**Q** 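Handing you a structure now.
FYI, the numbering just counts along the sequence from 1. The figures that follow rest on heavy atoms only: side chains count, while hydrogens, waters and symmetry mates do not. Everything quoted here is computed from the prediction, not taken from an experiment.
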Amino acid sequence: ELGYQDDLSNWEKQFGKLEVSQKGSIEVFVILGVGLAPVREEVKIPIPIVHNERGSNNTNYIVFASFPAYRFDSSILTTGKICYGNKVINTSPVFSVEATAAKNLIDQFPVLFAKQAVRTTAKAAATNQLEQELGFAGAMLGTIGSAVTEQADLRAWVTLPKEIQVARFFVAKGTRNLTVTSSDTGLMKRVEIPDNAKHVLVFGRATDSSLVIHSKIF
């Protein structure tokens, strides 16, 4: 409509030509959350400390550093399918929660590392002080305290899907139902379409073991 024919050609090569609604047809828009977002796990690293003072024996003890890392769960889900009549429409990914979470953690890592360095230094100094005051028992007490109190930040949006996928298409007036299926699981839900419907919004959440569908029709 704006006259950018070269841009239109590039978009059509990548996504195909825009489907134009027929008079009286019903627009269907599907938003499907697929899979489970990654969860954070703690990676705890023991750091041996050797403290050498002139005129005394070396003092050996351990402090701990911990960092968050994502665990990415594999899933058999790849896409959603919407069936009506003899036609099948596949959902397409538009946003990866998994990739965004990983990128955000990488971006935060310099700050996490700096904070961890400060904590580790402080705990090493405290353990050294305990060792000087209580000897071997103090060194053990400091090591155990470092292991118990050192915890990574494991907060994450674990209720989010792994990926968000969408589909938009038109069905002929008079179509009475759609069937939404999560691929490779065999799970299936039906959406009923009333006579006066013009637009159908379908919101779904699919995991390896469940499929939940809500619809809004107007």
Side-chain angles (χ1 to χ4, degrees), residues 31-80 91-166 182-185 203-212:
I31 303 175
L32 186 64
V34 176
L36 298 173
V39 297
R40 285 187 176 188
E41 293 184 338
E42 184 178 62
V43 177
K44 187 168 288 189
I45 304 172
I47 303 175
I49 304 294
V50 179
H51 186 71
N52 185 12
E53 292 185 356
R54 183 176 299 177
S56 64
N57 295 328
N58 291 345
T59 302
N60 300 309
Y61 50 87
I62 295 174
V63 294
F64 290 86
S66 59
F67 297 94
Y70 275 114
R71 185 187 77 230
F72 300 97
D73 293 327
S74 60
S75 174
I76 63 174
L77 293 173
T78 55
T79 186
T91 56
S92 300
V94 294
F95 182 76
S96 173
V97 175
E98 187 175 71
T100 302
K103 183 180 183 302
N104 286 343
L105 183 58
I106 292 173
D107 292 342
Q108 295 170 8
F109 193 79
V111 174
L112 294 175
F113 184 84
K115 290 181 177 180
Q116 182 61 62
V118 172
R119 290 202 306 269
T120 301
T121 301
K123 290 180 180 181
T127 302
N128 180 59
Q129 183 65 32
L130 287 171
E131 192 277 334
Q132 291 181 4
E133 295 175 358
L134 303 176
F136 177 77
M140 289 297 298
L141 182 62
T143 298
I144 295 173
S146 175
V148 171
T149 60
E150 185 56 45
Q151 295 182 344
D153 184 0
L154 301 182
R155 293 174 296 176
W157 293 101
V158 295
T159 57
L160 290 178
K162 177 179 180 179
E163 191 173 67
I164 297 174
Q165 300 185 3
V166 301
S182 56
S183 63
D184 303 317
T185 66
F203 304 91
R205 186 74 169 84
T207 66
D208 289 357
S209 59
S210 66
L211 174 63
V212 179

**Q** Going by side chain to side chain donor-acceptor pair (under 3.5 Å), name the residues that satisfy it together with Thr121, two or more places apart in sequence or in a different chain.
**A** none

**Q** List for me each residue that meets salt bridge (charged side-chain N to carboxylate O under 4.0 Å, His left out) alongside Arg155, sequence neighbours excluded, and say none if there are none.
**A** Asp153

**Q** Could you list the residues that satisfy side chain to side chain contact (heavy atoms under 4.5 Å, CB included) with Thr78, not counting sequence neighbours?
**A**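 Testing Thr78 for side chain to side chain contact (heavy atoms under 4.5 Å, CB included), a comparison that skips the adjacent residues, returns Ser183, Asp184.
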
**Q** What residues, two or more places apart in sequence or in another chain, satisfy side chain to side chain donor-acceptor pair (under 3.5 Å) together with Glu42?
**A** none

**Q** Output the distance between atom OG1 (Thr120) and atom CD1 (Ile47), rounded to the nearest 0.5 Å.
**A**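 Separation between the atoms: 4.5 Å.
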
**Q** Apply side chain to side chain contact (heavy atoms under 4.5 Å, CB included) to residues Leu211 and Thr185 and explain how you reach the verdict.
**A** CA-CA 9 Å; Leu211 174 63; Thr185 66; over 6 Å; no

**Q** So which atom in Ala156 and which in Arg40 form the shortest heavy-atom distance, rounded to 0.1 Å?
**A**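 So the minimum-distance heavy-atom pair works out to CB-CG, 4.1 Å.
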
**Q** Please list, chain by chain and in numerical order, all residues satisfying side chain to side chain donor-acceptor pair (under 3.5 Å) with Gln151, sequence neighbours excluded.
**A**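 Scan of Gln151 (side chain to side chain donor-acceptor pair (under 3.5 Å), adjacent residues dropped) gives none.
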
**Q** For a quick test of reading the model, state the closest non-hydrogen atom pair linking Phe64 to Lys44 and the distance between them.
**A** CD2-CG, 3.8 Å

**Q** Enter the distance from Leu32:CG to Ser92:OG here, rounded to the nearest 0.5 Å.
**A**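 The CG atom of Leu32 sits 11.0 Å away from the OG atom of Ser92.
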
**Q** Only counting residues at least two apart or in another chain, list the ones meeting side chain to side chain contact (heavy atoms under 4.5 Å, CB included) with Ile31.
**A** Phe29, Ile164, Val166, Phe203

**Q** Taking all atoms of both residues into account, what is the closest heavy-atom pair of Ser66 and Ala152, and its distance?
**A**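 Answer, listing the atom of Ser66 first, then Ala152: OG-N, 3.2 Å.
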
**Q** Any salt bridge (charged side-chain N to carboxylate O under 4.0 Å, His left out) involving residues 106-115? Give me the pairs, sequence neighbours left out, ordered by first then second residue.
**A** Lys103-Asp107

**Q** Mind jotting down which residue pairs meet the ring-ring contact (aromatic ring centres under 6.0 Å, His included) criterion with at least one end in residues 100-127? Sequence neighbours excluded, please.
**A** Phe67-Phe109

**Q** Among residues at least two apart in sequence or on other chains, which ones pass salt bridge (charged side-chain N to carboxylate O under 4.0 Å, His left out) with Arg119?
**A**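 For Arg119 the salt bridge (charged side-chain N to carboxylate O under 4.0 Å, His left out) partners, ignoring immediate neighbours, are Glu150.
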
**Q** Identify the heavy atoms of Ala37 and Val97 that sit nearest to each other, and give their distance.
**A** CB-CG1, 4.0 Å

**Q** List the atom of Ser182, the atom of Ala206, and the distance in Å for their closest heavy-atom pair.
**A** CB-CB, 3.9 Å

**Q** Measuring from atom CE of Met140 to atom CD1 of Ile62, what distance do you get when rounded to the nearest 0.5 angstrom?
**A** 8.5 Å

**Q** Listed by chain and number, what are the side chain to side chain contact (heavy atoms under 4.5 Å, CB included) partners of Ser75, not counting sequence neighbours?
**A**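 Testing Ser75 for side chain to side chain contact (heavy atoms under 4.5 Å, CB included), a comparison that skips the adjacent residues, returns Leu77, Asp208.
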
**Q** Enter the distance from Leu36:CG to Glu163:CD here, rounded to the nearest 0.5 Å.
**A** 12.5 Å

**Q** Glu41 vs Val43, test: side chain to side chain contact (heavy atoms under 4.5 Å, CB included). Steps then yes/no.
**A** CA-CA 7 Å; Glu41 293 184 338; Val43 177; 6.0 Å; no

**Q** Might you point out which heavy atoms bring Arg205 and Val34 nearest each other, and give the distance in Å?
**A**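 Distance-wise, the nearest heavy atoms are NH1-C, 4.4 Å.
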
**Q** Under the side chain to side chain contact (heavy atoms under 4.5 Å, CB included) rule, collect the residues that match up with Ser96, sequence neighbours excluded.
**A**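 Applying side chain to side chain contact (heavy atoms under 4.5 Å, CB included) to Ser96 gives Glu98, Ala99.
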
**Q** Quick one: side chain to side chain donor-acceptor pair (under 3.5 Å) partners of Thr91, sequence neighbours excluded?
**A**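 If we apply the side chain to side chain donor-acceptor pair (under 3.5 Å) test to Thr91, skipping adjacent residues, the hits are Thr79, Gln165.
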
